[in-house]
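Quick notes on the structure that follows.
The first residue of the sequence shown is numbered 1, and numbering continues consecutively from there.
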Amino acid sequence: VRKVMRATKIQDVSERLIKHLSNGYKQRGGLAGAMIGDPEILILDEPTVGLDPKQIIEIRSLIRDLSKEHTILLSSHIMQEVSAVCNQIMIINQGKLILSDVPENIPGHIAQTNDLTFKAKGNKELIRSLVDKLENVTYSKVLNTGEPEIYQIELSSLVEFDLREEIFYLFAEAKCPILEMSLKVPTLEEVFLRLTGEGTRQYGGKMTKQEKKKMKAKLEKEEA
C-alpha cells in the first residue's frame, strides 16, 4: 500500500475521505486502487476528464511514470492527451481497427503532399523567380508580410519530395536569407477525422477505395 501511495503521490491525503478530495486526487486514488494487485496491464478510460490544467499535467506525468513498469491501455477522445503520453496509437472506428502505428508514423498515413512555409528576405521578383526554378512543386504562393523585403512563401510538393535542402542552397546562392522555415505536419486530430471519413479535402478528404484496401492489407500483415 505504501509503495502504491508513493507511486501515485497521495501520501499527503492518506487520512482523508475520498469524497472530500479534489478531482485530481480522486483520479490518483482510483489509479492506486487499480494498482494494489500489481497488474501487468492498466486500462484507463478518459483519465483526465474534469480536471484542471495543473491536474491534467500531473496525471499525464503519473501515467508516463507508471508505463515504465506496467502496460497501459489508454482510451481517450482527447487527441492532445494521446499525443502527449502514448507510444503506440490505435484508431478504432465503428468497432473496427483502422490504424495502428507509432506516433511519428501517424501523419504519413494521410499526407499526400509536403506543405512547406518559409520566410525569405529579398526582392519579390527575384524570390518568385527562385521559386519557379524549383522542380516537383505542385503549388506555390509568394505573400507580403508587411515587413520591408520580407515575404512568406508557401509551397507544396508530392510527399516523396523534400524540398528544404534544395531551397536552402538555392536561396543562399542568390543571397536571399531564409529567416524561418516549417514543414506542415498533419495533427492527430486531422488524421483521426480523415481516417474516420469526417475530414476535409485539405489532406485529400475521405479515404479512397484503394487507400482503404492498402490500409486493410497493412493491418492484416501486421496481425499475421
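Between Leu51 and Ile56, the shortest heavy-atom contact is O-CD1, 3.6 Å. Taking both residues in full, the closest heavy atoms of Cys86 and Leu74 are given as SG-CD2, 3.8 Å, listed atom of the first, atom of the second, then distance.
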Please determine whether side chain to side chain contact (heavy atoms under 4.5 Å, CB included) holds for the pair Tyr151 and Asn144, giving the CA-CA distance in whole Å, both sets of side-chain angles, and the decisive distance to 0.1 Å. CA-CA 5 Å; Tyr151 299 92; Asn144 293 319; 2.9 Å; yes

One pair to check against side-chain hydrogen bond (donor to acceptor under 3.5 Å, both in side chains): Ser100 and Gln88. What are the steps and the verdict? CA-CA 7 Å; Ser100 176; Gln88 179 80 16; 3.2 Å; yes

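Atom CG of Leu31 is separated from atom NZ of Lys9 by 11.5 Å, given to the nearest 0.5 angstrom. In this structure, Leu130 CG and Glu173 CD are separated by 9.0 Å, a value rounded to the nearest 0.5 Å. How far CD1 of Ile91 is from CE of Met79: 7.0 Å, rounded to the nearest 0.5 Å. The structure places CG of Leu163 at 9.0 Å from CZ of Phe118, a figure rounded to the nearest 0.5 Å. Put simply, OG on Ser182 and CZ on Arg164 are 10.0 Å apart, with the number rounded to the nearest 0.5 Å. Atom-to-atom distance recorded for Ile167:CD1 and Ile178:CD1 is 6.5 Å, nearest 0.5 angstrom.
Just one of Ser76, Pro103, Ser75 meets the side-chain contact (heavy atoms from CB on, under 4.5 Å) condition when paired with Val82; it is Ser76.
There is no path of hydrophobic side-chain contacts, each under 4.5 Å, that joins Val49 to Val85.
Under the 3.5 Å distance criterion, the side-chain polar atoms of Arg64 are matched with a main-chain donor or acceptor of Ala84. In terms of modelled atom types and a separation under 3.5 Å, the side chain of Thr8 and the main chain of Val4 share a donor-acceptor contact. Gln152 places no side-chain N or O within donor-acceptor distance of the main-chain N or O of Thr145, the cut-off being under 3.5 Å. Put simply, the side chain of Asn93 never gets that close to the backbone of Leu195: no donor and acceptor are under 3.5 Å apart. Side-chain atoms of Ser14 come within 3.5 Å of backbone N or O of Gln11 as a donor-acceptor pair. Not one N or O on the side chain of Ser156 forms a donor-acceptor pair closer than 3.5 Å with the backbone of Thr138.
Side-chain atoms of Glu154 and Thr117 include no donor-acceptor pair closer than 3.5 Å. Side-chain N/O atoms of Asn136 and Ser157 include no donor and acceptor closer than 3.5 Å.
For Glu165, the CD atom is loosely surrounded, since the number of other residues' heavy atoms within 6.0 Å does not exceed 12. Heavy atoms of other residues, nucleotides or ligands lying less than 6.0 angstrom from NZ of Lys26 number more than 12. More than 12 heavy atoms of other residues, nucleotides or ligands shown are found within 6.0 angstrom of OH on Tyr139. The environment of Leu126 atom CG is dense: over 12 non-hydrogen atoms of other residues, nucleotides or ligands sit within 6.0 angstrom. Summarising the local packing, CG of Asn87 is surrounded by 12 or fewer heavy atoms from other residues, nucleotides or ligands at distances under 6.0 Å.
The salt bridge (charged side-chain N to carboxylate O under 4.0 Å, His left out) pairs that include a residue from residues 41-56 are Lys54-Glu58, where partners are two or more places apart or lie in different chains.
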